[in-house]
Amino acid sequence: MELEDNIVVRVVSLPMSVEGLISDTPDGIHNIYINANYSYEMQQIFLRHELAHIRNNDFYNPDDIETLELRAKKEMEL
């Protein structure tokens, strides 16, 4: 999967309750952390989900978290 220059993906050990997360830096870099404790196939699903949040610009969206998550999941189905 080709990523933009401002996206860094890291596979790290996280609690099982955390599939993936994004942390942005002040200079506009999106750091995506994917849980290493899941299978490669699941990690790919989690990565696509986090990328959907970036594409949707969810960090600056005032919608509630349930709406943002639902939109990201729907985008993954396309």
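Nothing fancy with the numbering, it's 1 onward along the sequence.
Checking E50 against H30 by side-chain atom types alone, no donor-acceptor pair falls below 3.5 Å.
A heavy-atom distance below 4.5 Å is found between the side chains of I29 and V8. Counting heavy atoms from C-beta outward, M42 and I45 have side chains that approach closer than 4.5 Å. Annotation: side chain of N31 is not in contact with side chain of I22 (no heavy-atom distance under 4.5 Å). At a threshold of 4.5 Å between non-hydrogen side-chain atoms, the residues F59 and I54 count as touching.
Judged as a salt bridge (charged side-chain N to carboxylate O under 4.0 Å, His left out), not a single pair has a partner in residues 11-40 (not counting sequence neighbours). Listed by first then second residue, pairs satisfying salt bridge (charged side-chain N to carboxylate O under 4.0 Å, His left out) with a partner in residues 52-62 read R55-E75, D58-R71, not counting sequence neighbours.
If you chain together ILVMFWY residues whose side-chain heavy atoms come under 4.5 Å of each other, V12 ends up grouped with L14, V18, L21, Y33.
Rounding to the nearest 0.5 Å places NE2 of H53 at 3.0 Å from NE2 of H49. A distance of 13.5 Å separates CZ in F46 from CG in L51, rounded to the nearest 0.5 Å. I34 contributes atom CD1, which lies 10.5 Å from atom CZ of R48 (distance to the nearest 0.5 angstrom).
Linking ILVMFWY side-chain heavy atoms closer than 4.5 Å, directly or via other members, places L68 and I32 in two distinct hydrophobic clusters.
When atom types are taken as modelled, the side chain of N35 and the backbone of P15 share a donor-acceptor pair closer than 3.5 angstrom. Put simply, the side chain of Q43 never gets that close to the backbone of V11: no donor and acceptor are under 3.5 Å apart.
Every side chain to side chain contact (heavy atoms under 4.5 Å, CB included) that S13 has, sequence neighbours left out, goes to N37. In this view, N57 and Y60 satisfy the side chain to side chain contact (heavy atoms under 4.5 Å, CB included) rule, not counting sequence neighbours. For S23, the side-chain hydrogen bond (donor to acceptor under 3.5 Å, both in side chains) criterion is met by no residue, not counting sequence neighbours. With sequence neighbours left out, S17 forms a side-chain hydrogen bond (donor to acceptor under 3.5 Å, both in side chains) with no residue at all.
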